[in-house]
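Encoded as structure tokens, the structure appears first; notes follow it.
Just follow the structure's listing: the first ligand is 1, and inside any ligand the first atom is 1.
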Amino acid sequence: MNFDESEEHTMLREAVSTLASKYGHDYILNKARSNQRATELWDDLGRHGYLGVNVAEEYGGGGMGISELAIVLEELCAEGCPLMLMVVSPAICATLIGLFGSRTQKDQWLPGFATGEVKMAFAITEPDAGSNSHRITTTATRDGDEYRISGAKYYISGVDEADALLLIARTSVSPDSGRARLSMFIVPTDAAGLTWDQISVEIVAAERQYTVFFDDVVIPAGNLVGDENKGLQQVFAGLNPERIMIAAMANGIARYAINKATSYANSRQVWDVPIGAHQGLAHPLAKAKIECDLARLMTQKAAWLYDNNREAGEAANMAKFAAAEACLACLDQSVQIHGGNGFATEYGLADLWGLARLLRTAPVSREMVLNYVAEHSLGLPKSY
Ligand SMILES: Cc1cc2nc3c(=O)[nH]c(=O)nc-3n(C[C@H](O)[C@H](O)[C@H](O)COP(=O)(O)OP(=O)(O)OC[C@H]3O[C@@H](n4cnc5c(N)ncnc54)[C@H](O)[C@@H]3O)c2cc1C
């Protein structure tokens, strides 16, 4: 077993970190607060090939994997620049199209994913289905050479800036179980009948959230990705990259918070020693640092398993769980160490709370991860 990071990975880490540090947390904060997009940062990352590290070389990508894409996102977040669209577009959508897309779909979309010129949103969640994808009611009905789509999705990140949506819709119902059979479709965001409304959320981020309505949206039958009615099994292939990327985001935010905490704790002095000397502050930070490092190890393991075509579900779930919890612990203790300044905008900590807290809930909730581990790792009966 070798825990040395490869030279290639270290160089990627350093290069992304250098690029992101030119933007910094204030850049994201200003974009978020003024309802703007992080276009300059996204384009800069794209120009350097960092958004397409996981896209196959034949399509202009880096020919690497989720391990490298996770490094890119972790380093961005460690510099205070979280980008939710990195999870959705290159990690989920590019992965699924790369795995299940037709030759035509790959030729059309993958070169754009490789450069970051294409952004794709991912739409599975529905108001009445939630964590239970079998209850999805957004329906795609085959009509000759086309599909007609009706229904609604909610909490769809970044659809306003996306070229297309990767949509999970119902195409039939299993006669045995009564459960929805699902399929995956590429839906251009300029399709007639497709509209969206912004959902106001208490998350300070450069991407916004939307309810998306499909009012008899017509798409060519060629926009079906993979096999009809096999959508759920196919989507599962994109969920492990999603979980690994969320873990990487959490790990990066945790490192950002720890760095701020240590710098403040070493310099701030209110008695005769820097506040970092008080164990009441140092020990919770040390504990959070341990949790962060453990989460990073599990994230790297999950990414390695995924990239080496091994079963990665357990590790990806565990990494996502551990990283989300560690991130919250690190951010909370960093705010505590900053005293009143922990709440000041200029210290760039409290505004991250909504995003960090989200990572415990989405894209898969803490409880659903625990369900997975209880059932699959421990062999306990399913409760639902
Ligand atoms: C900011 C943001 C961005 C998002 N971006 C996207 C996106 O781009 N695309 C997309 O498709 N979705 C997106 N989502 C949706 C997100 O993935 C869901 O919110 C998440 O999966 C939880 O589903 P839900 O909100 O319907 O909660 P529900 O499924 O209603 O769950 C509610 C609560 O019940 C618990 N629960 C449910 N079932 C069980 C059970 N069997 N056992 C124990 N507890 C249970 C859950 O853990 C949770 O705590 C986003 C959400 C947010 C808030």
Side-chain angles (χ1 to χ4, degrees), residues 28 32 82-96 119-138 151-170 180 182 184-187 189 196-214 231-232 234-236 238-243 245-247 249-250 253 316-317 320-321 324-325 327-328 351-376 378 380-384:
I28 294 290
L83 290 179
M84 284 186 191
L85 259 179
M86 267 202 72
V87 179
V88 178
S89 190
I92 306 177
C93 297
T95 296
L96 289 173
K119 287 182 195 158
M120 203 177 273
F122 178 68
I124 185 168
T125 308
E126 293 188 4
D128 297 327
S131 306
N132 185 357
S133 306
H134 301 293
R135 283 214 179 145
I136 281 176
T137 55
T138 296
K153 299 279 174 182
Y154 80 162
Y155 290 109
I156 306 309
S157 306
V159 66
D160 59 318
E161 53 185 305
D163 304 279
L165 280 161
L166 190 61
L167 169 75
I168 312 303
R170 169 190 288 239
L182 306 175
M184 257 191 304
F185 299 95
I186 298 169
V187 183
T189 43
W196 49 81
D197 275 348
Q198 190 172 337
I199 305 171
S200 179
V201 293
E202 299 300 327
I203 295 169
V204 181
E207 298 90 351
R208 280 149 287 280
Q209 315 305 323
Y210 296 88
T211 303
V212 180
F213 303 97
F214 301 82
L232 198 55
Q234 291 168 5
V235 155
F236 281 138
L239 295 187
N240 288 332
E242 180 185 46
R243 277 156 210 191
M245 290 293 280
I246 289 290
M249 178 182 273
I253 296 173
N317 272 293
K320 189 268 164 192
F321 177 95
E325 297 304 315
C327 177
L328 280 171
D351 68 89
L352 279 167
W353 186 257
L355 179 59
R357 182 59 186 77
L358 169 73
L359 304 181
R360 185 185 273 165
T361 300
V364 57
S365 68
R366 170 179 60 185
E367 292 73 26
M368 293 312 287
V369 171
L370 293 174
N371 283 338
Y372 179 96
V373 173
E375 192 188 332
H376 296 276
L378 301 176
L380 298 178
K382 196 170 173 174
S383 72
Y384 54 100

[atom] [closest protein heavy-atom partner, distance rounded to 0.1 Å]:
{"atom": "atom 26 (O) of ligand 1", "value": "Gly130 CA, 2.9 Å"}
{"atom": "atom 14 (N) of ligand 1", "value": "Tyr155 O, 3.3 Å"}
{"atom": "atom 25 (O) of ligand 1", "value": "Tyr154 OH, 4.3 Å"}
{"atom": "atom 28 (P) of ligand 1", "value": "Ser131 OG, 3.8 Å"}
{"atom": "atom 15 (C) of ligand 1", "value": "Thr125 OG1, 3.2 Å"}
{"atom": "atom 8 (O) of ligand 1", "value": "Ser157 N, 3.1 Å"}

Criterion side-chain contact (heavy atoms from CB on, under 4.5 Å) on Ile199 and Tyr154, from CA distance to verdict: CA-CA 8 Å; Ile199 305 171; Tyr154 80 162; 4.2 Å; yes
Only heavy atoms of [X], strictly under 4.0 Å: list the atoms of ligand 1 that pass.
{"X": "Pro363", "value": "17 (O), 20 (C), 21 (O)"}
{"X": "Met368", "value": "38 (N), 39 (C), 40 (C), 41 (N)"}
{"X": "Gln209", "value": "1 (C), 2 (C), 3 (C), 4 (C), 5 (N)"}
{"X": "Leu358", "value": "1 (C), 2 (C), 52 (C), 53 (C)"}
{"X": "Ile203", "value": "1 (C)"}
{"X": "Phe122", "value": "7 (C), 8 (O), 9 (N), 10 (C), 11 (O)"}

As an exercise, state the distance from [atom1] of [X] to [atom2] of [Y], rounded to the nearest 0.5 Å.
{"X": "Phe214", "Y": "Leu165", "atom1": "CZ", "atom2": "CG", "result": "5.0 Å"}
{"X": "Ile203", "Y": "Gln209", "atom1": "CD1", "atom2": "CD", "result": "6.0 Å"}
{"X": "Met84", "Y": "Met245", "atom1": "CE", "atom2": "CE", "result": "13.0 Å"}
{"X": "Met184", "Y": "Leu167", "atom1": "CE", "atom2": "CG", "result": "10.5 Å"}

Does the protein put a heavy atom under 4.0 Å from [atom]?
{"atom": "atom 53 (C) of ligand 1", "result": "yes"}
{"atom": "atom 46 (C) of ligand 1", "result": "yes"}
{"atom": "atom 3 (C) of ligand 1", "result": "yes"}
{"atom": "atom 36 (N) of ligand 1", "result": "no"}

Taking 4.0 Å as the limit for heavy-atom contacts, which would you say applies to [X] with ligand 1: side chain only, backbone only, both, or neither?
{"X": "Asn371", "value": "side chain"}
{"X": "Val364", "value": "neither"}
{"X": "Tyr384", "value": "side chain"}

Shortest non-hydrogen contact from Ser89 toward Met120: OG-N, 2.9 Å
Minimum-distance pair of heavy atoms, taken over all atoms of Leu166 and Ile186: CD1-CG1, 4.0 Å
Backbone or side-chain N or O of [X] under 3.5 Å from ligand 1 N or O:
{"X": "Ser365", "result": "yes"}
{"X": "Thr361", "result": "no"}
{"X": "Glu367", "result": "yes"}

Side chains of [X] and [Y]: closer than 4.5 Å at any heavy-atom pair?
{"X": "Arg243", "Y": "Phe321", "result": "no"}
{"X": "Ile28", "Y": "Leu83", "result": "yes"}
{"X": "Tyr384", "Y": "Asn132", "result": "no"}
{"X": "Arg135", "Y": "Glu126", "result": "no"}

Whether Lys320 side chain and Ala247 backbone form a donor-acceptor pair below 3.5 Å: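 Pair absent, no side-chain N/O of Lys320 close to backbone of Ala247.
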Residue among Thr95, Val364, Ile92, Val235 satisfying side chain to side chain contact (heavy atoms under 4.5 Å, CB included) with Glu242: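 Of all the options given, the one that passes is Ile92.
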